[in-house]
Visitor: 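Let me begin by handing over the structure; questions about it come next.
Below, read A as the first sequence line, B as the second, and so on, with proteins coming before strands; counting in each chain starts at 1.
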Number of protein chains: 2
Amino acid sequence: MPRAGLDPAAVAAAGAALADEVGLPGLTMGLLAERLGVRTPSLYKHVNGQDDLNRRIAALALSEAGDAVGAAVQGYAGRDALAAAMRAFRTFVLEHPGRYAATIGVEPLAPDDPIATASLRLLGSFTAVLRGYEIERSDVDHALRMLRSLCHGFATLQSGGGFQWSADVDESFEWLIAFADRGLRAL
Amino acid sequence: MPRAGLDPAAVAAAGAALADEVGLPGLTMGLLAERLGVRTPSLYKHVNGQDDLNRRIAALALSEAGDAVGAAVQGYAGRDALAAAMRAFRTFVLEHPGRYAATIGVEPLAPDDPIATASLRLLGSFTAVLRGYEIERSDVDHALRMLRSLCHGFATLQSGGGFQWSADVDESFEWLIAFADRGLRAL
DNA sequence: GCTAAAAGCTAATCCCATTAACCAGACCTG
DNA sequence: CAGGTCTGGTTAATGGGATTAGCTTTTAGC
């Protein structure tokens, strides 16, 4: 029996990809093992069960989201930066619904948990965006939470089929961006 | 063996309560049956499996949320109405995280699905709130989606432990209300 | 009281996660 | 190159949860 050349990162990456395909609830150890050409119990040589797998997928997703938002923001400021960040975030969630879902409800276990560092990097990109607006230091945390709620709420609602009625969803999101921009400008 | 006097609504109500206690993922048919003083398979005389149970819980939750928001808004207009609606919504989600979680991702199967009617009633309360602002008809749908994203995003992030860092969460939510109010006023 | 549907129950099946125990190959050491 | 050990596979076994089948008893209507 030849070695499959797996390691925790490879398992997490395959798990993330599979979660995007079949949905996080559909991500099963057996299905993942099959995808990797290996028997189910072998996965346990690399990850400590489903919970650990989920955490690794979450860390990967947060890191990728941070990269995407960080890259999108490069070279922009003010409204352009805000729009770039929000669009990049939503695009990421819509393209990777499974791995993004894995990030919901996970909390870092230690300060140096990859989940913590990746979250902070993602948060940092949004903080940088806010520097393009004139905001009181005391308002920054609230503004960050507002942006996070907006982006998270919109993206998860859309990816969960939550927007049923008529109006165009992309248009709504652009409207949202404009709304947030005006609001931040008026602080 | 005496009859337990169950019916679909009673099962759904007990399921909702249990989901609030143990979390939606922890809601198991066996646990629910035990709670109702009945053996697991008996539940299937009232609900068509977990998916059906989830839909019933979702319908109940949406209906209750609609009641809460509707009642909270009574007699207010403008900023007061907006604040009342948003607070009522968040309070409901925080007090009933399990049943609210059941609403995520469910879609009505028919136009007269209780899920559809309850969603519409909840939506209606927010629509009524918007009437206190001078908003173009073409902006109403976008504004509704914005409010929904904000409330849903904030409440689910908070109930999932998503807000780690320092600042006071209640204060952030009040800030959010003020932000939305100013933004809607400036349309 | 009689019958039939409704609401329980037990037993059985299947799927999934996880653990235990075993085995082969890679790799390092002498 | 021979030998030992660690690693990453394997099969087999356990336990839990959902669901279905088939049986039995209560209860409602007549």
Side-chain angles (χ1 to χ4, degrees), chain A residues 1-60 97-99 101-106 109, chain B residues 1-60 97-99 101-106 109:
Chain A
M1 51 202 85
R3 298 274 170 115
L6 296 181
D7 59 47
V11 172
L18 193 48
D20 288 340
E21 286 177 38
V22 302
L24 188 61
L27 174 59
T28 179
M29 296 302 261
L31 194 56
L32 177 55
E34 186 184 359
R35 175 69 61 102
L36 288 166
V38 105
R39 301 307 183 121
T40 308
S42 306
L43 296 179
Y44 290 80
K45 298 289 172 161
H46 305 291
V47 298
N48 266 336
Q50 241 175 359
D51 199 59
D52 180 45
L53 173 62
N54 193 284
R55 299 184 69 79
R56 289 176 193 273
I57 294 175
L60 177 63
R99 70 238 271 158
T103 67
I104 296 172
V106 295
L109 298 173
Chain B
M1 47 205 84
R3 296 273 170 112
L6 297 181
D7 59 45
V11 172
L18 193 49
D20 287 340
E21 287 177 37
V22 302
L24 188 60
L27 174 60
T28 179
M29 296 301 262
L31 194 56
L32 178 55
E34 185 183 2
R35 176 68 62 99
L36 288 167
V38 105
R39 301 306 183 123
T40 307
S42 305
L43 296 179
Y44 290 80
K45 298 288 172 161
H46 305 292
V47 298
N48 266 336
Q50 241 175 357
D51 199 58
D52 180 44
L53 174 62
N54 193 284
R55 299 184 69 79
R56 287 175 195 272
I57 293 175
L60 179 62
R99 69 238 273 157
T103 68
I104 297 171
V106 295
L109 297 174

Visitor: Between CZ of A/R55 and CG of A/N48, what distance do you get to the nearest 0.5 Å?
Guide: 11.5 Å

Visitor: Of the non-hydrogen atoms in B/A58 and B/V106, which two are nearest, and what is the gap between them?
Guide: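 Reported closest heavy-atom pair: CB-CG2, 3.9 Å.
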
Visitor: What nucleotide, of D/dA18, C/dG8, D/dT10, holds the atom closest to the side chain of A/S42?
Guide: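 The answer is D/dT10, which lies nearest to the side chain.
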
Visitor: Could you state the atom-to-atom distance from OH of A/Y44 to C1' of D/dA12 in whole Å?
Guide: 15 Å

Visitor: For the OG1 atom of B/T103 and the CD1 atom of B/I57, what is their distance to the nearest 0.5 Å?
Guide: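 B/T103 OG1 to B/I57 CD1: 11.0 Å, rounded to 0.5 Å.
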
Visitor: Whole Å only: how far is the CG atom of A/L6 from the C1' atom of C/dA26?
Guide: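 Going from A/L6 (CG) to C/dA26 (C1'), I get 16 Å.
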
Visitor: Roughly, in whole Å, what's the span from CE in B/M29 to C1' in C/dC14?
Guide: 16 Å

Visitor: Out of D/dG9, D/dA18, C/dT19, which has the shortest distance to the side chain of A/P41?
Guide: C/dT19

Visitor: Just how far, in rounded Å, is P of D/dT19 from CG of B/D51?
Guide: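 Rounded to whole Å, this separation is 8 Å.
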
Visitor: Whole-Å distance between D/dA18 P and B/E34 CD?
Guide: 13 Å

Visitor: Can you check the A/L36 CG to D/dT10 P distance for me, whole Å?
Guide: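 It works out to 11 Å between those atoms.
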
Visitor: Tell me which nucleotide among D/dG8, C/dT19, D/dT19 gets nearest to the side chain of A/H46.
Guide: D/dG8

Visitor: In whole angstrom, give the distance that lies between atom CZ of B/R39 and atom C1' of C/dA7.
Guide: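 After rounding, the reported distance stands at 15 Å.
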
Visitor: Between B/R56 and B/D52, is there a salt bridge with N-O shorter than 4.0 Å?
Guide: yes

Visitor: Heavy atoms from C-beta onward define the side chain here; which of D/dT19, C/dA7, C/dA17 lies closest to that of A/T28?
Guide: C/dA17

Visitor: Please classify the nucleic acid contact of B/G26 as base, sugar-phosphate, or nothing, using heavy-atom distances under 4.0 Å.
Guide: nothing

Visitor: Measure from NZ on A/K45 to C1' on C/dT18 and round the result to the nearest Å.
Guide: 13 Å

